[in-house]
Asker: 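The structure's right below; bear with me while I get my questions together.
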Protein chains: 2
Amino acid sequence: MSGNWRPPSSTDVARAAGVSQSAVSRAFTPGARIAQATRARVMAAAEALGYRPNLLPKILQTNRSGIVAVVVGGFYNPYFAMTLEAFSKALTARGLQMLLVRVESDRKLDSVVGQLAGYRVDAVVSALALTSQDAADQLSKLRIPIVTLNSDLSGDWIRSVSSDNFAAGEAAARLLRERGGTRFGFVAGPGDSPAQVAREAGFAHGLEALGLPPAMRAGGGYDYASGARATRELFAGADRPDALFCANDLAAFGVIDVLREGFGLAAPDDVLVVGFDNLDMAAWAPYRLTTFDQDVDAHVAIAMELLDLEAGAECVARVAPSRLVERESTRRG
Amino acid sequence: MSGNWRPPSSTDVARAAGVSQSAVSRAFTPGARIAQATRARVMAAAEALGYRPNLLPKILQTNRSGIVAVVVGGFYNPYFAMTLEAFSKALTARGLQMLLVRVESDRKLDSVVGQLAGYRVDAVVSALALTSQDAADQLSKLRIPIVTLNSDLSGDWIRSVSSDNFAAGEAAARLLRERGGTRFGFVAGPGDSPAQVAREAGFAHGLEALGLPPAMRAGGGYDYASGARATRELFAGADRPDALFCANDLAAFGVIDVLREGFGLAAPDDVLVVGFDNLDMAAWAPYRLTTFDQDVDAHVAIAMELLDLEAGAECVARVAPSRLVERESTRRG
DNA sequence: CTGGCGAGTGAATAGCTATGCACACATTCG
DNA sequence: CGAATGTGTGCATAGCTATTCACTCGCCAG
């Protein structure tokens with residue numbers, strides 16, 4: 001009806017309460033010098049008008065919006081859900097809001113972050129690994145603190161927190177060996193993921209250190225279908241592996257299902273399987289998957305610390321330990 | 001180093017380019033009256049300084065932030081991930097940003113939305129069902145368009161889009177009957193969820209219409225553990241059901257796993273199982289779950305339409321159809 | 001009685017952009 | 001050649017809040 005309605009301003013409230021605009025502002029500022037009686041009158045008028053202080057002018061002056069942008073590549077992987085949950089809690093605890101941005105690839109990252117700069121976001125957290133130094137430099141020019149997960153790039157304004165992917169790969173090799181594996185296989189994630197690369201390298205190094213032959217290899221994605229495809233490939237020939245390390249849990253589920261349905265093989269009896277992420281589902285009955293818990297809360301806690309750092313600080317790439325959780329998929333009879 | 005650095009303003013760019021501030025603004029406004037040469041000079045200066053137009057002043061004047069707040073209760077259920085993905089795409093397509101807010105319960109909803117009002121969000125989408133009329137009225141006072149999913153409350157500024165939960169419940173009853181079910185059970189979701197209530201009511205009505213006895217009942221949550229618990233309860237006695245409708249897929253997975261592990265029973269041979277949501281996992285080998293696809297994209301499309309409506313519009317509660325997807329969990333030999 | 005002090009209040013201002021208005025200049029038409 | 005149209009630019013302002021500065025008033029100590 002009212003063509004262009006505007007929410008009530010502090011001036012409106014001031015008029016209604018018979019005080020100055022400053023008084024209204026002070027009434028809403030904890031610890032400001034204002035008489036109790038005045039504050040009460042202001043609050044009554046504000047309540048009647050439905051007034052909420054407009055945060056934008058403050059942001060305009062201070063350039064601090066209280067908003068942190070979180071960039072993700074998609075939501076299909078429950079691991080992102082865990083990450084979002086943890087970040088959501090951490091940000092809320094600090095009174096910050098979360099602007100969620102979905103981006104197709106990291107090549108679009110800087111254009112998006114440019115847009116975000118217009119909103120004066122206080123910081124950016126990227127679950128998307130940053131792969132090109134070019135994009136990193138572009139972002140650094142904006143002087144917005146950025147934390148990337150599982151990415152090795154860094155710069156003046158770019159920090160990163162990663163799992164000890166390489167060490168986990170080594171540990172996977174040792175475990176599979178101990179549990180009786182003899183022919184090893186690696187179910188790979190996407191090649192442009194630094195985490196995938198490090199896990200594979202660690203696995204390869206672990207095998208070599210034990211004097212074992214290198215692993216067979218298949219896959220190329222972080223999803224269920226990729227694990228399924230990789231398994232059909234690895235088990236097509238005669239020389240089948242009997243111990244698999246998967247780049248993540250989702251792929252491992254695909255592996256286990258195809259082993260069972262497609263080849264009549266079971267974990268751990270016929271094939272040992274290890275995953276990565278420790279999703280809720282990893283504990284479910286059909287899988288009981290041995291996997292690495294990334295300790296999302298620890299990652300997030302570190303990320304928050306890194307965001308607080310001043311620009312130019314030195315220790316900008318931190319590693320969070322991951323914990324091996326052993327379940328039935330590697331425990332034989 | 002520089003204690004309080006400020007990002008370059010349009011005035012800074014204007015000075016560098018030797019033009020007025022208005023010229024800079026026009027250079028960044030598509031369709032504005034400005035000479036090509038001037039625009040080029042401005043763009044060069046802007047590039048050199050790393051200038052990004054500050055969006056806040058515009059928001060301050062127009063009260064349109066281009067930000068939509070999305071409220072969720074948690075991320076543990078992959079159904080939320082699907083919803084987020086769909087909303088993210090829809091909002092991006094319209095050039096809107098998404099402010100993600102996690103809220104413990106809907107009782108906190110109005111206090112949070114109050115906070116959001118300070119950011120002048122254009123609209124609020126709540127995956128959290130709104131249950132109290134009190135909160136609804138509170139929110140209406142803020143004059144921010146709100147769309148809730150699977151909630152029956154509405155008001156001047158509150159619209160809702162729901163699945164046809166009741167009809168789906170009836171359809172589940174018919175299907176289970178057709179497939180040979182004789183003793184029916186309902187694995188319930190949380191009692192404060194309108195969707196759960198409608199699904200159960202529809203199921204009960206469907207059974208009654210077919211002249212069948214009412215269903216046994218257990219459960220009370222939307223998660224895996226709740227489904228598992230419900231199954232142990234339902235199958236503890238002698239009078240076991242042979243056809244189960246579960247409030248959602250996550251619970252259904254718990255049901256199937258406990259049937260297999262705890263009682264040596266399989267779906268569909270011993271027990272027919274139907275879920276709700278059609279998560280990716282429903283198609284996986286251990287489950288192959290018959291379920292209802294909520295068509296998230298359709299929900300979101302409707303939600304976007306509702307957000308565009310003016311206040312006081314009448315048709316504010318819309319229903320999106322859900323589609324039965326039959327898989328092996330109800331297909332006998 | 002007076003200087004000082006504290007509490008409470010109002011006026012003025014910064015912060016940045018988009019836009020309406022006015023003006024200067026070039027071009028076209030009668 | 002005068003008028004009219006069109007193009008490009010600068011000036012000034014709105015939008016809302018937190019905060020600084022200056023002011024008044026009541027009160028106490030000297």
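Labels below follow one simple rule: chain letters A, B, ... track the order of the sequence lines, proteins then strands, and each chain is numbered from 1.
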Asker: To the nearest 0.5 Å, how far apart are NZ in B:Lys141 and CD in A:Glu47?
Answerer: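 So the NZ of B:Lys141 and the CD of A:Glu47 are separated by 5.0 Å.
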
Asker: For the residue pair A:Tyr76 and B:Pro78, establish whether any side-chain heavy-atom pair is separated by less than 4.5 Å.
Answerer: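 A side-chain contact under 4.5 Å is absent here.
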
Asker: With a 4.5 Å limit on heavy-atom distance, are the side chains of B:Leu99 and B:Leu116 in contact?
Answerer: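 Yes - at least one pair of side-chain heavy atoms lies under 4.5 Å apart.
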
Asker: With the threshold set at 4.0 Å, does a side-chain nitrogen-carboxylate oxygen contact exist between B:Asp308 and B:Arg94?
Answerer: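 Salt bridge between B:Asp308 and B:Arg94, a charged N being under 4.0 Å from a carboxylate O: yes.
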
Asker: Taking five pairs at each end of the helix from C:dC1-D:dG30 to C:dG30-D:dC1, what angle separates the two helix axes (nearest 10°)?
Answerer: 50°

Asker: side-chain contact (heavy atoms from CB on, under 4.5 Å), that's the test. Do A:Leu307 and A:Val125 meet it? Break it down for me.
Answerer: CA-CA 9 Å; A:Leu307 286 181; A:Val125 173; 4.0 Å; yes

Asker: Taking all non-hydrogen atoms of both residues, which atom of A:Ala23 and which atom of A:Ile34 are closest, and how far apart?
Answerer: O-CD1, 3.5 Å

Asker: Indicate yes or no: at least one non-hydrogen side-chain atom of B:Gln21 is less than 4.5 angstrom from one of B:Arg15.
Answerer: no

Asker: Scan nucleotides 7-13 of chain C nucleotide by nucleotide, 5' to 3', and note B when protein non-hydrogen atoms come under 4.0 Å of the base, S if they reach only the sugar-phosphate, - if neither.
Answerer: BBBBBB-

Asker: To the nearest 0.5 Å, tell me how far A:Asp156 CG sits from A:Leu139 CG.
Answerer: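 Rounded to the nearest 0.5 Å, the CG-CG separation comes out at 12.5 Å.
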
Asker: Cut-off 3.5 Å, side chains only: do B:Gln294 and B:Ser163 have a donor facing an acceptor?
Answerer: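 Yes, a side-chain donor-acceptor pair sits under 3.5 Å.
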
Asker: Please tell me whether B:Tyr222 and B:Ser193 have a donor and an acceptor in their side chains that are separated by less than 3.5 angstrom.
Answerer: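 Short answer, yes.
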
Asker: With 3.5 Å as the limit, what N/O pairs link the protein to nucleotides 14-16 of chain D?
Answerer:
{"from": "D:dA14", "atom 1": "N3", "to": "B:Gln61", "atom 2": "OE1", "distance (Å)": "3.4"}
{"from": "D:dA14", "atom 1": "N3", "to": "B:Gln61", "atom 2": "NE2", "distance (Å)": "3.1"}
{"from": "D:dG15", "atom 1": "O3'", "to": "A:Arg6", "atom 2": "NH1", "distance (Å)": "2.6"}
{"from": "D:dC16", "atom 1": "OP1", "to": "A:Arg6", "atom 2": "NH1", "distance (Å)": "2.6"}

Asker: Quick one: B:Tyr119 OH to D:dT17 P, roughly how many Å, whole number?
Answerer: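 These atoms are roughly 15 Å apart.
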
